[in-house]
Amino acid sequence: MAAGGGGVADPLSPAGVPCAFSPQSQAYFALASTDGHLRVWETANNRLHQEYVPSAHLSGTCTCLAWAPARLQAKEGPQRKKRKSEAIGTSNQVDLLALGTAVGSILLYSTVKGELHSKLISGGHDNKVNCIQWHQDNGCLYSCSDDKHIVEWNTQTCKVKCKWKGDNSSVSSLCISPDGKMLLSAGRTIKLWVLETKEVYRHFTGHATPVSSLMFTTIRPPNESQPFDGITGLYFLSGAVHDRLLNVWQVRSENREKNAVMSFTVTDEPVYIDLTLSENKEEPVKLAVVCRDGQVHLFEHILNGYCKKPLTSNCTIQIATPGKGKKSTPKPVPILAAGFCSDKMSLLLVYGNWFQPTIERVALNSKEPHMCLVRDISVCWAPKVETAITKVRTPVMNSEAKVLVPGIPGHHAAIKPAPPQTEEIESKRKLGENEVSIEERLGALDIDTKKEKDTLPQINSFPVLLTQGLESNDFEMLNKVLQTKNLNLIKRTVLRMPLHAVIPLLQELTKRLQGHPNSAVIMVQWLKCVLTIHASYLSTLPDLVPQLGTLYQLMESRVKTFQKLSHLHGKLILLITQVTASEKTKGPTCPAQKAKLVYEEESSEEESDDEIADKDSDDNWDEDEEEKGGEKDEDVDEEEEEEEEDAEEKDEENGEDRDVASEKELNGDSDLDPENESEEE
């Protein structure tokens, strides 16, 4: 059973990728990778059996999957003859694989046909599907979602059989009891439901984080003396996100005991859990837990009541690469999933990477507390890659040969000598050594490698880069596109982008608008283009208001101060105009004009000290005469005349003061009375 899938952005989403072994002798291993592809691998020979790509594999990625259980062939009592439709449905159900998606739909994929069998949409979930469980008897399907509901599906008609609210928060995991009459559901608390009435039978405390896995561990209760009602006395296991304890619970007859009876401790968050059911009180439960750190912990314990101390693993399995050379050190290889084989004495390990995993059967040795398997992963997948590379052959050109390039006649390409490392590459391929580097391959192909990585993308690739950056949340790729200031390029990019990327683009722009003001200026141009070009698409979305609520609040807070700023702007403009006007009127007091008439009086007499005051009065008379003549000849405004007169009066007063001071200095009479001074004038 997979511990979940989930989106990367949510911190409370389960770790790992949705995957599961087929119920019939683990012949197949289904894996839904992060790129939205479903891959089915054969466990016997480690070969890719089938690959399926849903039509909406990017927007509606797979979040969980579950194989249909093997139908019970023999049943007690007389059997009636089945109809043709029932027989067809039964035969196809064994190979069906249910896939839950991030948009709330459920896909039923047939591994026999290699195509989509049916799709469960109408009346189902409105949000991400977290877990899917098949009923082992009637072929119904149970699913839970972030929309807080549990849905019972009829897989024959592809319609909802029943839908009810499972929790006040999202429901993250489900499990059906061995007798098929009860259903376990969990968000953070665990509930046991009666499937017939859809009522809660028991409550359990649960975990502090969302529960990622639920499974029953026993079929019969440990106390066989009491009558068994199908559920009382059974144990079940639960694991949660970011929780390193796996709790074991027991269904009691009274509803008082709600806490776990025992727990298993692991080194990291559980990613994949598999166990062998205990059919009697003497048979221990075997548990294989794959953690996020890539280790497998094996437990073997007889469930017989309360245990206070957490139990540690009996054996830990790790896989590492061989260290080649003295300096190189072995590197750990992550284990992705582990499942018990039908003999319960061996384990199927899936390790490596999600796109090309390696599946191996390992015999369990209970005596060793720690097992470290040394495996070389490059040997497993390198030949498959090299098969396509070895088909390329580069002709060896002589220096005398002339190569013409189509287009301009007479032009030829630069002739390069044959690279010397081609023989070494061929020898490496023949000997099966390490994989040839990309630089050597390009050299063999006679292709110039460009080392400049930070080149600007082409204009036509902007919509593609924008879409890929939004889906992968690549900050550098988004910066290359969103930092452009060309308005025409922004309009063309927004016009060519796919519709499903409009809402993620608006959310990304909202984040960037809250940042530096310089970047916000560019983001506003993008926002304007998106809202104007895709207005018709946005108006058709039913949940547009909650999705763009943050953007609306941001715009509202920015616009609140706009009216006050505009008032302040108007007042400042008014003040500036008044200041500039007053500075113009206070310009130069004496205009730079030439006098029309200049009168100079020649005098041969020497000026004595006593005639200084008379000269001063004569100067005043001359200035008055010039002022009168200026008034008659020049047509100036009244304001300028008044200012000139004021300036001239100030000059006269200053001149008088200077004359009086000079007269005092010449006469040596510093203590002259004011009356004598006036008489002299």
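Given the structure is predicted, the values throughout are model-derived calculations rather than measurements. Scope of the values below: all heavy atoms of this structure, side chains included, with no hydrogens, waters or symmetry mates.
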Exercise for the section: Answer yes or no: is there a donor N or O on one side and an acceptor on the other, between the side chain of Ser118 and the main chain of Leu108, under 3.5 Å? Expected result: no
Handout entry: Residue pair Ile317 / Leu373, side-chain heavy-atom distance below 4.5 Å
Key = yes
Fill in the blank from the handout: The reported gap from OH in Tyr537 to NE2 in His500 (rounded to nearest 0.5 angstrom) is 9.0 Å
Problem - Side-chain heavy atoms of Leu183 within contact of Ile150, under 4.5 Å - result: yes
Exercise for the section: Indicate yes or no for a side-chain donor-acceptor contact from Thr209 to the backbone of Ala240 under 3.5 Å, with no hydrogens or angles considered. Expected result: no
Handout entry: Least distance between heavy atoms, Cys19 atom then Leu31 atom
Key = CB-CD1, 3.9 Å
Problem - Test: Lys344 and Glu283 ion pair at under 4.0 Å - result: yes
Handout entry: Pairs flagged by side-chain hydrogen bond (donor to acceptor under 3.5 Å, both in side chains) wherever residues 175-194 is involved - sequence neighbours left out
Key = Ser177-Asp179, Ser185-Trp193
Handout entry: Any side-chain heavy-atom pair of Leu336 and Val290 under 4.5 Å
Key = no
Handout entry: ring-ring contact (aromatic ring centres under 6.0 Å, His included) between Phe340 and Phe21, intermediate numbers included
Key = CA-CA 10 Å; Phe340 286 101; Phe21 289 98; over 10 Å; no
Practice task
Taking Ser278 for its side chain and Pro284 for its backbone only, find out whether a donor-acceptor pair lies under 3.5 Å.
Solution key: no
Problem - Distance (rounded to the nearest 0.5 Å) between Ile219 CD1 and Leu234 CG - result: 9.0 Å
Problem - Any donor-acceptor pair under 3.5 Å from Asn314 side chain to Phe299 backbone - result: no
Exercise for the section: Give a yes or no answer on whether the side chain of Asp268 reaches the backbone of Arg292 with a donor-acceptor pair at less than 3.5 Å. Expected result: no
Problem - Min side-chain heavy-atom separation Ile231-Tyr201 under 4.5 Å - result: yes
Problem - Atom of Leu38, atom of Ala30 and distance for their closest heavy-atom approach - result: CD1-CB, 4.5 Å
Practice task
Measure from the side-chain N and O atoms of Thr43 to the backbone N and O of Ala27, and report whether any donor-acceptor pair falls under 3.5 Å.
Solution key: yes
Exercise for the section: Could you walk me through whether Leu470 and Glu508 pass the side chain to side chain contact (heavy atoms under 4.5 Å, CB included) test, one step at a time? Expected result: CA-CA 8 Å; Leu470 291 172; Glu508 180 67 25; 4.0 Å; yes
Practice task
Would you check if there is a donor-acceptor pair between the side chains of Tyr109 and Gln50 at a distance under 3.5 Å?
Solution key: yes
Exercise for the section: Could you tell me the separation between the CG atom of Leu287 and the CG atom of Leu311, rounded to the nearest 0.5 Å? Expected result: 10.5 Å
Problem - For Met262, the option from Asn247, Leu303, Leu246 that meets side-chain contact (heavy atoms from CB on, under 4.5 Å) - result: Leu303
Fill in the blank from the handout: For Arg202 and Val200, the nearest pair of non-hydrogen atoms, with its separation, is O-CG1, 3.6 Å
Practice task
For Thr63 and Gly100, indicate whether the former's side chain and the latter's backbone hold a donor-acceptor pair under 3.5 Å.
Solution key: yes
Exercise for the section: In sequence, state the C-alpha distance, the side-chain angles, and the governing distance for Val129 and Cys64, and then conclude on side chain to side chain contact (heavy atoms under 4.5 Å, CB included). Expected result: CA-CA 7 Å; Val129 181; Cys64 56; 3.8 Å; yes
Practice task
Supply the atom-to-atom distance Cys162 SG to Asn154 CG, rounded to the nearest 0.5 angstrom.
Solution key: 12.5 Å
Fill in the blank from the handout: Tightest non-hydrogen contact, residues Val211 and Ala186, listed as CB-CB, 3.7 Å
Practice task
Report yes if some heavy atom in the side chain of Phe236 is under 4.5 Å from a heavy atom in the side chain of Gln250; otherwise report no.
Solution key: no
Exercise for the section: Please answer whether the main-chain N or O of Gly180 pairs with a side-chain N or O of His135 as donor and acceptor at a distance below 3.5 Å. Expected result: yes
Handout entry: 4.5 Å side-chain heavy-atom contact, Val296 and Thr316
Key = no
Handout entry: Any donor-acceptor N or O pair under 3.5 Å, side chains Thr267, Asp293
Key = yes
Exercise for the section: Quick one: do Lys159 and Trp153 satisfy side chain to side chain contact (heavy atoms under 4.5 Å, CB included)? Show the steps, please. Expected result: CA-CA 6 Å; Lys159 293 182 180 179; Trp153 299 88; over 6 Å; no
Exercise for the section: Could you please spell out the steps behind the side chain to side chain contact (heavy atoms under 4.5 Å, CB included) verdict for Phe216 and Leu184? Expected result: CA-CA 9 Å; Phe216 277 90; Leu184 278 172; 3.5 Å; yes
Completion exercise
Separation between CG (Leu96) and OG1 (Thr111), nearest 0.5 Å, reads 7.5 Å
Practice task
For Ser346 and Asp343, test the side chains for any donor-to-acceptor distance below 3.5 angstrom and give the result as yes or no.
Solution key: yes
Practice task
Flag the pair Leu237 / Leu275 as yes when at least one side-chain heavy-atom distance between them is below 4.5 Å, and no otherwise.
Solution key: yes
Exercise for the section: Provide the closest heavy-atom pair for Pro357 versus Trp41 in the form atom of the first, atom of the second, distance. Expected result: CD-CZ2, 3.5 Å
Problem - Atom pair CD/CD1 of Glu360 and Ile335 - distance to nearest 0.5 Å - result: 10.0 Å
Exercise for the section: Indicate yes or no for a side-chain donor-acceptor contact from Glu269 to the backbone of Cys291 under 3.5 Å, with no hydrogens or angles considered. Expected result: no
Problem - Flag for Gln133-Tyr142: side-chain donor and acceptor within less than 3.5 Å - result: no
Practice task
Say whether Asn45 and Glu42, considering side chains only, have a donor N or O and an acceptor N or O under 3.5 Å apart.
Solution key: yes
Problem - Backbone N/O of Asn127 and side chain of Ser145: donor-acceptor pair under 3.5 Å - result: yes
Exercise for the section: Test ring-ring contact (aromatic ring centres under 6.0 Å, His included) on His49 and Tyr28 and set out the steps. Expected result: CA-CA 8 Å; His49 179 63; Tyr28 299 104; 4.8 Å; yes
Problem - Nearest atoms (heavy-atom pairs only) where Pro54 meets Leu107 - result: CB-CD1, 4.1 Å
Problem - Verdict with supporting geometry, Thr321 and Arg375, side chain to side chain donor-acceptor pair (under 3.5 Å) - result: CA-CA 5 Å; Thr321 59; Arg375 301 288 184 269; over 6 Å; no
Handout entry: Within-4.5 Å side-chain heavy-atom neighbours: Met182 and Glu196
Key = no
Handout entry: Heavy-atom neighbours of Arg244 CZ exceed 12 at 6.0 Å
Key = no
